[in-house]
Asks: 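My structure is below; once you've seen it, I'll send some questions.
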Number of protein chains: 2
Amino acid sequence: MPRTPPQCPMDSILRLLMGPWTTHIIWVLSDQGPQRFGVLKRAVPGISTRMLTERLRMLQRAGVVWREQAETIPPAVTYGLTPRGNDLRGVLDAMGEIAERWKTEGVFEGDDLGGAASPNSRL
Amino acid sequence: MPRTPPQCPMDSILRLLMGPWTTHIIWVLSDQGPQRFGVLKRAVPGISTRMLTERLRMLQRAGVVWREQAETIPPAVTYGLTPRGNDLRGVLDAMGEIAERWKTEGVFEGDDLGGAASPNSRL
DNA sequence: CGGCATCCTATTAGATACTG
DNA sequence: CAGTATCTAATAGGATGCCG
């Protein structure tokens, strides 16, 4: 439906990060190191299996995470950040800093900003 | 539906940027300077009146854009980036750089990564 | 355990029309 | 011109259940 005027080179990245939960996942992988599916799921409370798989697949396609499958029974699958994933961490941190600054300026005080598709909200 | 474990300080920022069209709007305002509603609308092709107003209101609430209304007839309303808005521009640029780098590494080759709520796609 | 496939609903955002 | 209001279509994503 909508268009994409070629402008905005960072859109592709944003589109990547934008996905629901995406940052949480990256954050956890970056912070806690490589994790197995189940652990990851528990580390991102509220996410559904479907979502988690979908996001991981997407991040994989983007070369942001790797996936290692142990063909044991039961199977054990581990995910981790690729170097490229760490690039992103940088951006996230940059945002984190600004967020921090804004917070002390009292930006996020009231109700949420009513962004858009943001599954990371109120309980 | 979902939760928000307090982690991920940058989530608030992302939630802000995540909204559809949001980056485009900021980008235009940052690139073209303050603009009137109509011009803005034409600068972000495909966006609906409703969306544009909604996004602008949201960005206003976040203190990212200012709004100046001239009570003439017909009315003339102008929007521009606040200093805080320029902070964001920095983040966007950072992302842009990475995007650029990745692009030369051929990340975004195939179909889109199927992010999430991203109205800024094909067409 | 990891993760598809299915189903089903809540939300979202486009189109349209009308007002100050 | 700059919105608001309404109505609707599309879809994202949660829940569930089964399979390797």
Side-chain angles (χ1 to χ4, degrees), chain A residues 1-4 15-16 18-22 24-25 29 34-61 65-80 112-123, chain B residues 1-4 15 18-25 29 34-61 65-80 112-123:
Chain A
M1 27 213 46
R3 294 88 228 265
T4 300
R15 221 168 300 138
L16 184 92
M18 254 168 42
W21 307 107
T22 314
H24 256 91
I25 296 170
L29 287 180
Q35 299 291 336
R36 293 187 47 184
F37 187 90
V39 182
L40 209 44
K41 184 162 189 301
R42 263 166 267 127
V44 186
I47 196 173
S48 63
T49 315
R50 197 192 198 294
M51 255 291 113
L52 183 51
T53 344
E54 183 193 317
R55 297 285 90 190
L56 284 171
R57 289 275 133 73
M58 186 271 279
L59 291 170
Q60 232 185 305
R61 254 179 293 142
V65 311
W66 48 260
R67 188 191 119 113
E68 194 184 66
Q69 174 156 18
E71 281 299 0
T72 55
I73 297 183
V77 183
T78 308
Y79 295 89
D112 59 9
L113 305 161
S118 58
N120 305 10
S121 299
R122 60 183 108 261
L123 218 262
Chain B
M1 34 211 49
R3 295 87 226 266
T4 300
R15 220 168 302 139
M18 253 169 42
W21 306 108
T22 313
T23 49
H24 256 91
I25 296 171
L29 287 181
Q35 300 291 335
R36 293 187 46 185
F37 186 90
V39 182
L40 208 44
K41 185 163 189 302
R42 264 166 265 125
V44 187
I47 197 173
S48 63
T49 314
R50 197 194 197 299
M51 253 292 114
L52 184 51
T53 349
E54 184 194 316
R55 295 288 88 191
L56 285 171
R57 290 273 135 72
M58 186 271 279
L59 290 170
Q60 232 185 304
R61 253 179 292 141
V65 310
W66 48 260
R67 187 190 120 111
E68 194 184 66
Q69 174 157 18
E71 282 298 359
T72 56
I73 296 183
V77 183
T78 309
Y79 295 89
D112 59 7
L113 304 161
S118 57
N120 306 10
S121 299
R122 57 185 102 264
L123 214 274

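Both backbone and side-chain heavy atoms feed into the values below; hydrogens, waters and symmetry mates do not.
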Asks: CG of L29(A) to NE2 of H24(A): how many Å apart, nearest 0.5 Å?
Replies: 12.0 Å
Asks: The side chain of F37(B) is closest to which nucleotide in this list: dG14(D), dA2(D), dA13(C)?
Replies: dA2(D)
Asks: Any idea which of dC1(D), dC1(C), dG3(D) is nearest the P74(B) side chain?
Replies: dC1(D)
Asks: When the distance from CD1 of I47(A) to P of dG2(C) is rounded to whole Å, what number comes out?
Replies: 14 Å
Asks: Phosphate oxygens OP1/OP2 of dA2(D): is one of them under 4.0 Å from a side-chain N or O of R36(B)?
Replies: yes
Asks: What is the distance from atom CG of L56(A) to atom CZ of R61(A), rounded to the nearest 0.5 Å?
Replies: 11.0 Å
Asks: Looking at every non-hydrogen atom in both residues, tell me the closest pair between R55(A) and I25(A) and how far apart they are.
Replies: CB-CD1, 3.6 Å
Asks: In whole angstrom, what separates R42(A)'s CZ from dC1(C)'s P?
Replies: 8 Å
Asks: Give the nucleotide from the list dG20(C), dG3(D), dA13(C) with an atom nearest to the side chain of V77(B).
Replies: dG3(D)
Asks: Please tabulate the protein-to-nucleotide N/O contacts below 3.5 Å involving nucleotides 4-6 of chain D, giving atom names and distances.
Replies:
{"residue": "dT4(D)", "atom": "OP1", "partner": "R57(B)", "partner atom": "NH1", "Å": "3.3"}
{"residue": "dT4(D)", "atom": "OP2", "partner": "R57(B)", "partner atom": "NH1", "Å": "3.2"}
{"residue": "dT6(D)", "atom": "O4", "partner": "R50(B)", "partner atom": "NE", "Å": "3.3"}

Asks: Considering all heavy atoms of both residues, which atom of I47(B) and which atom of K41(B) are nearest to each other, and what is their separation?
Replies: O-NZ, 3.6 Å
Asks: Write down the distance between CZ (R55(A)) and P (dG2(C)), rounded to a whole number of angstrom.
Replies: 20 Å
Asks: Using every non-hydrogen atom in the two residues, find where P75(A) and R36(A) come nearest and quote the distance to one decimal.
Replies: O-NH2, 3.7 Å
Asks: Send over the distance from L56(B) CG to dG3(D) P, rounded to a whole Å.
Replies: 8 Å
Asks: Closest-nucleotide mapping onto DNA chain D: is M51(A) or P75(A) further toward the 5' terminus? I mean the 5' end.
Replies: M51(A)
Asks: What integer distance in Å separates M58(B):CE from dA13(C):C1'?
Replies: 14 Å
Asks: In this structure, how many angstroms lie between the P atom of dG2(C) and the CD atom of Q69(A), rounded?
Replies: 10 Å
Asks: Between dT12(C) atom P and W21(B) atom CH2, what is the distance in whole Å?
Replies: 17 Å
Asks: Without decimals, in angstroms, what is the distance between Y79(B) OH and dC1(D) P?
Replies: 15 Å
